[in-house]
Amino acid sequence: MPKVTQPLMNGFYEAFSNIFVFQRNPFGQTICRRKVVPAQDPTSAHVDQRAHRWAHGVHNYLHNNSSGESLTTCVVDAAISPDSPKNPTHTDKGIDESDPVKRVIEISWDAVTNKYNGWPLNNLAGYFINLSTDYASWQRLPESPIVADHYDLILPADNYYITVQAIDTEENISSESDTLIFTVTI
């Protein structure tokens, strides 16, 4: 990944840095704008959305920074995805009392504390679980992010594939965790 060479962002890495220019305006303020030349691969993951989030982070630094955070921290919070959750596991908690042909399965994972490249995760919104029985069609559970690092599913007998993703308050979503594969039997 390219290294951003702007002095205020020293040591800051980001996959989409090749589409931004950091400059100072005549008043000495740092501004971020998109390069006139299009990105190398305009079909890559959410280039326009990422550009907007970077600009949002710079705007927060300049205008909404009551806590005195660094420019890097403001941009990290706005534009960098959380790390993917690690070590997903499942625990069979027994037959569901309301439906005896289903079992309660607890899915758990290690809490995510960092963003990409080791930046601290200051704005975790929660986690989503992706569920499949055929590894082709997936369902995201639940509709709102889970705040805890575990979640109970009530499942009928079948083979299951599960991944977990973290999401922050700026809606940056992580890559999927390793796939958890298990079978529920009644």
Side-chain angles (χ1 to χ4, degrees), residues 1-2 4 9 12-20 32 34 39 41-61 63-67 69-91 104-155 160-182:
M1 291 186 203
V4 178
M9 301 293 283
F12 188 83
Y13 293 81
E14 172 57 26
F16 298 100
S17 62
N18 63 332
I19 62 173
F20 298 101
C32 175
R34 290 187 65 170
D41 180 8
T43 63
S44 66
H46 316 294
V47 170
D48 289 336
Q49 186 178 34
R50 187 63 54 98
H52 173 75
R53 289 181 177 157
W54 270 62
H56 179 70
V58 173
H59 181 271
N60 283 345
Y61 172 74
H63 303 290
N64 304 327
N65 195 5
S66 60
S67 60
E69 293 179 326
S70 70
L71 175 60
T72 302
T73 300
C74 289
V75 172
V76 165
D77 286 349
I80 306 299
S81 300
D83 280 344
S84 61
K86 305 286 187 246
N87 303 317
T89 60
H90 75 287
T91 304
V104 178
I105 306 294
E106 180 184 69
I107 307 300
S108 60
W109 53 89
D110 295 345
V112 175
T113 57
N114 291 316
K115 289 195 170 204
Y116 170 78
N117 207 29
W119 295 103
L121 177 57
N122 302 319
N123 59 340
L124 179 69
Y127 304 92
F128 287 113
I129 292 176
N130 304 305
L131 172 84
S132 177
T133 56
D134 59 9
Y135 211 76
S137 58
W138 292 81
Q139 177 183 5
R140 177 169 280 168
L141 301 171
E143 289 183 25
S144 298
I146 305 161
V147 178
D149 57 2
H150 56 88
Y151 187 73
D152 286 347
L153 297 170
I154 299 173
L155 302 171
Y160 290 94
Y161 306 91
I162 297 215
T163 63
V164 183
Q165 290 178 282
I167 188 168
D168 67 19
T169 57
E170 297 292 327
E171 297 184 359
N172 297 306
I173 194 157
S174 73
S175 300
E176 295 178 335
S177 67
D178 291 337
T179 303
L180 174 63
I181 303 170
F182 61 92

Quick check for you: to the nearest 0.5 Å, what is the distance between [X] atom [atom1] and [Y] atom [atom2]?
| X | Y | atom1 | atom2 | result |
| --- | --- | --- | --- | --- |
| Leu124 | Asn172 | CG | CG | 11.5 Å |
| Ile181 | Tyr161 | CD1 | OH | 6.0 Å |
| Tyr160 | Ile105 | OH | CD1 | 8.5 Å |
| Thr89 | Phe182 | OG1 | CZ | 10.0 Å |
| Trp138 | Ile129 | CH2 | CD1 | 11.5 Å |

Distance-only, no hydrogens or angles: does the [X] side chain make a donor-acceptor pair with backbone N or O of [Y] under 3.5 Å?
| X | Y | answer |
| --- | --- | --- |
| Ser108 | His150 | no |
| Tyr151 | Phe128 | no |
| Asn60 | His63 | no |

With side chain to side chain donor-acceptor pair (under 3.5 Å) as the test, would you mind laying out the steps for Ser174 and Ser81 before giving the verdict? CA-CA 5 Å; Ser174 73; Ser81 300; over 6 Å; no

Run the side chain to side chain donor-acceptor pair (under 3.5 Å) test on Asn123 and Thr169 for me, step by step, so that the C-alpha distance in whole Å, both residues' side-chain angles and the decisive distance to 0.1 Å come before the verdict. CA-CA 6 Å; Asn123 59 340; Thr169 57; 3.3 Å; yes

Which is it for Asn122 and Thr73 under the side-chain contact (heavy atoms from CB on, under 4.5 Å) test, yes or no, and what are the steps along the way? CA-CA 9 Å; Asn122 302 319; Thr73 300; 4.0 Å; yes

Going through the checks in order, is the side-chain contact (heavy atoms from CB on, under 4.5 Å) test met by Ile162 and Leu153? CA-CA 11 Å; Ile162 297 215; Leu153 297 170; 3.6 Å; yes

Could you check Lys115 against Asp168 for salt bridge (charged side-chain N to carboxylate O under 4.0 Å, His left out), going step by step and ending with a plain yes or no? CA-CA 9 Å; Lys115 289 195 170 204; Asp168 67 19; 2.6 Å; yes

Heavy-atom pair of closest approach, residues Ser177 and Pro85: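 Scanning both residues, the minimum pair turns out to be CB-O, 3.1 Å.
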
Looking only at side chains, do Asn87 and Asp110 share a donor and an acceptor under 3.5 Å apart?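 On atom types as modelled, these side chains qualify, holding a pair under 3.5 Å.
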
Please enumerate all residues that pass side-chain contact (heavy atoms from CB on, under 4.5 Å) together with Glu176, with sequence neighbours excluded. Asn130, Thr163, Gln165

Give the intermediate values and the outcome of side-chain contact (heavy atoms from CB on, under 4.5 Å) for residues Trp109 and Leu180. CA-CA 10 Å; Trp109 53 89; Leu180 174 63; over 6 Å; no

One pair to check against side-chain contact (heavy atoms from CB on, under 4.5 Å): Tyr127 and Val112. What are the steps and the verdict? CA-CA 9 Å; Tyr127 304 92; Val112 175; 3.8 Å; yes

